Amino acid sequence: SSHFGSGHFDSGFRVAQLAIWSAAMLRLRSHYRAVQSLKSSQVADGHWCCAARHMAAAAPSLQGQLAKQRSFAGQQWGVAFAGATMAGVGMALTSTARVPDALRCESMQRVCLGKAAEFVDGTMQEVNIGPEGSKAAVLVHRHAGTFYATSPSCSHYGAPLRKGVTSSGDKGGPPTISCPLHDATFDLKTGQVVRGPGLDGIAAYSVEVDRDGMLYARVPASVVAGQKHAVVVKKMVSRDPKDKRVFALIGGGPAALAAAETLRQEGYGGRIVMVTTEPHLPYDRVVLSKNLDKTADALQLRSSDFFEKYDIELLRKSTVNRLDVKGQVVHYRLDGSNEEKALSYDKVLVAAGGTPRKLSCPGSDFEGIFTLRTADDAAEIAKVARKGQKMVVVGGSFIGMEIASSLKKRGVEVAVVAMESVPFERVLGKKVGASFARLLQKEGVEWFGSAQVRLFRGNNGKVNGVELEDGEVLPADAVVVGAGVVPNTRFMEGVEGVRLDKNGGVVVGPLLSSDVPTLFAAGDVCSFPSPHTGTQVRIEHWDVATQQGRVAARNMLEQSTPFTTTPFFWSQILGKNLRFVGHAPEFLERVIIEGDMSGFEFIAYYTEGDEIRAVATVNNDPVAVACAELMRRGEMPKVSELVLCTVNAEVILQRLQDLCKAK
């Protein structure tokens, strides 16, 4: 026991090996093999649930002793290992995955996954682990001869991960699995979130190959019985009263929430204060444009208990009026109060999001003209969006098109007015935009391109029409303006030492810090240098905001982590799934299309020189996720390969698989 307790495993093995014959004579070979699967890292980390069960089975005389040692978390190594040695337990240690904390005290069951040789390197396979007819399953991955087993579903929105991309990892990174819908990515060893919009990790299970070449996993008995896999929450510290630091987070969206969680995960014990105008706890706002009936409570990302448990202070209904970067003070007011309050800070993250653009034309203050940003906005639009109503959407990019799609599903007669000639022209180019214009026509949505609103017509203060610059009048029971957002940085205008770009974004460097070293920015307000071109860009995507919050938090703790995330965003328009990955070039003239645009199953490659800079896919998962991984690795094919037809989507997926085999 002293050998094991001090980590001297070699000596411990010699002692344990002497007992193997005894175990065989006691007909305990099956239990011995079970214990063989325990890896040294599991022993060192205190994963005793499986060990205790097999020790008890191997030697009934140990039952009483083990009952006294149920709390192995106390690290009473001596008694436990002495008992194991007495029972004749050999410790040949061959497992690969670390059991998550959430599963340590769960009753685990050893399940057979099949012959190890039948799992192809660089791939994954969903394997049923329950009785016949059961949906109980795990996802098995194999990379460079090493096996991993995880939950088969994404923790973000439950998408089947078997339709995503499994990767061996690159540049020192862990092996991963990425969701096909939103690029939520998880570590195969631990299940922890690596990047993407997900906040919780997925379950990762210990696996082993026995002497007969059969692959086994240890899975909670409840999962085998058909219950859900547990989600994995990374360990977080609580508030340390001795830590007098104060980190202020201005905003209540994805960037601020991700920053707050990351600070606690990285061991920060000082005060965390989130200041937000929202009356609600943080929620998944991107769903609103796709489903107007969703409430803030239904989309809530974390409960009030979560904020209380980890001592994350949330000042709701609070508007920041000004920021004193010299004195390091945030000045804010509560809604309905004229009293200004002050919050002194050591470091501050500006993640205040944006405000929807409004049209400054006659009649813009009429009742019945809406913008969409919050759950309360969505509820107001839903009230008037009734079947047979006539509604006009102003704006032809993502927010406008998603709103139009949602209204059409409700039976509303929809017309879209936009300055672009086709939908998404400035983001996806004319080729892709023209296909969506045809889709709108097919679904009965009117498109008025290359048009501008001259004024809103109304009666008794309520809108009843939209007049265009060419004089055409569109009847409207209501109007929704979806023309982008303006960064919420008015409180920073004139702040000495902080630069704002022409749109009001906070100019930061690769570490997301401004010219004032105690001020950081993330999300819609953040103007950061593109890792590819070095030019300042501002990206209004949920995924980017979440990852920037994580990176900014680490740099607030002086970890010097540059933001290099490859942008990924998604949309759904009239039943068509759109994914986009990468940094599109400024000019979208050279776009190479693969697939059937008329049938809405195609891929668009956005090129510059011989480089593929971005990829858009429609109903072609998981190609966008695979391209995201290849972009991160610097292994995307060249434009010349596309032109010569030596590369297509199938080849891209195979190329990633081959890279994973070679690692």
Side-chain angles (χ1 to χ4, degrees), residues 244-260 262-263 266 268 270-277 319-332 340 342-355 485-541 544-565 567 583 586:
K244 302 302 181 183
R245 291 175 295 174
V246 177
F247 284 5
L249 311 178
I250 301 176
L257 178 60
T262 303
L263 288 170
E266 296 296 322
Y268 170 74
R271 283 182 69 194
I272 299 175
V273 185
M274 294 173 63
V275 185
T276 174
T277 57
T319 301
V320 175
N321 302 315
R322 57 192 177 95
L323 190 62
D324 178 3
V325 295
K326 283 189 174 181
Q328 297 182 202
V329 179
V330 176
H331 297 272
Y332 67 97
E340 187 175 84
L343 172 67
S344 297
Y345 65 84
D346 291 279
K347 291 182 181 176
V348 61
L349 173 66
V350 179
T355 298
V485 301
V486 178
N488 285 331
T489 55
R490 290 193 64 181
F491 63 90
M492 298 187 66
E493 293 176 359
V495 173
E496 186 177 348
V498 178
R499 289 179 293 150
L500 302 180
D501 67 13
K502 63 180 181 180
N503 295 312
V506 181
V507 177
V508 299
L511 303 184
L512 304 184
S513 58
S514 70
D515 295 338
V516 176
T518 57
L519 187 146
F520 299 76
D524 291 356
V525 304
C526 181
S527 175
F528 64 97
S530 165
H532 298 280
T533 65
T535 57
Q536 295 294 128
V537 294
R538 191 173 61 83
I539 300 177
E540 299 167 5
H541 302 155
V544 170
T546 302
Q547 198 64 16
Q548 284 183 340
R550 294 174 179 137
V551 172
R554 294 187 181 104
N555 290 321
M556 292 171 81
L557 297 174
E558 301 181 1
Q559 293 183 10
S560 298
T561 304
F563 178 74
T564 59
T565 297
H583 295 267
E586 184 177 355

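On a predicted model such as this, the values are computed, not experimentally measured, just so you know.
- The local environment of CD in E586 is sparse, with at most 12 non-hydrogen atoms from other residues, nucleotides or ligands closer than 6.0 Å.
- Shown here for E496 and V516, the closest heavy-atom pair between the two residues is O-CG2, 4.2 Å.
- Between K347 and E558, some side-chain heavy-atom pair lies under the 4.5 Å cut-off.
- The distance from atom CG of L512 to atom CZ of F563, rounded to the nearest 0.5 Å, is 6.5 Å.
- Annotation for R245: atom CZ counts as buried by contact number, over 12 foreign heavy atoms lying within 6.0 Å.
- A distance of 10.0 Å separates CD1 of I539 from OG1 of T565, quoted to the nearest 0.5 Å.
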Quiz prompt | side chain to side chain contact (heavy atoms under 4.5 Å, CB included) between V551 and T564, intermediate numbers included | solution = CA-CA 9 Å; V551 172; T564 59; over 6 Å; no
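- Looking at L500 and V507, their side chains never come closer than 4.5 Å, going by heavy atoms from C-beta outward.
- The closest donor-acceptor contact from the side chain of S527 to the backbone of G505 lies at 3.5 Å or more, if one exists at all.
- Here the CG atom belonging to D515 is positioned 4.5 Å from the CZ atom belonging to R499, to the nearest 0.5 angstrom.
- Residues V498 and M492 come closest through the heavy atom pair CG1-CE, 3.5 Å.
- Looking only at side-chain heavy atoms (C-beta outward), R538 and P487 come within less than 4.5 Å of each other.
- The shortest side-chain heavy-atom distance between E540 and V485 falls under the 4.5 Å cut-off.
- Taking all atoms of both residues into account, the shortest heavy-atom contact from L323 to V495 is O-CG2, 3.7 Å.
- Residues P567 and H583 share a closest heavy-atom pair of CD-NE2, 3.2 Å.
- The OG1 atom of T489 lies 9.5 Å from the CG atom of N503; values are rounded to the nearest 0.5 Å.
- Contact between L349 and A552 at its shortest, heavy atoms only, is CD1-CB, 3.8 Å.
- Looking at heavy atoms from C-beta onward, S530 lies in side-chain contact with T533 at the 4.5 angstrom threshold.
- From N555, atom CG reaches atom CD of Q548 across 11.5 Å, with rounding to the nearest 0.5 Å.
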Practice problem: Assess whether side chain to side chain contact (heavy atoms under 4.5 Å, CB included) is satisfied between D324 and H331, documenting all intermediate values. | Solution: CA-CA 8 Å; D324 178 3; H331 297 272; 4.2 Å; yes
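- Nearest heavy-atom pair, G251 versus M274, reported as atom, atom and distance to 0.1 Å: O-CE, 3.7 Å.
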Quiz prompt | Test side chain to side chain contact (heavy atoms under 4.5 Å, CB included) applied to L263 and L557, step by step | solution = CA-CA 8 Å; L263 288 170; L557 297 174; 3.8 Å; yes
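- To the nearest 0.5 Å, the span separating OH on Y332 from CG on L343 amounts to 6.0 Å.
- Residues meeting the ring-ring contact (aromatic ring centres under 6.0 Å, His included) test with Y345, sequence neighbours left out: none.
- Counting heavy atoms from C-beta outward, V348 and F247 have side chains that stay 4.5 Å or more apart.
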Exercise. Could you go through the salt bridge (Lys or Arg N to Asp or Glu O under 4.0 Å) check for R550 and E266 one step at a time?
Key: CA-CA 10 Å; R550 294 174 179 137; E266 296 296 322; over 6 Å; no
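- Proximity of V508 to S513: side-chain heavy atoms (C-beta onward) are nowhere separated by under 4.5 Å.
- At a threshold of 4.5 Å between non-hydrogen side-chain atoms, the residues F520 and V350 do not count as touching.
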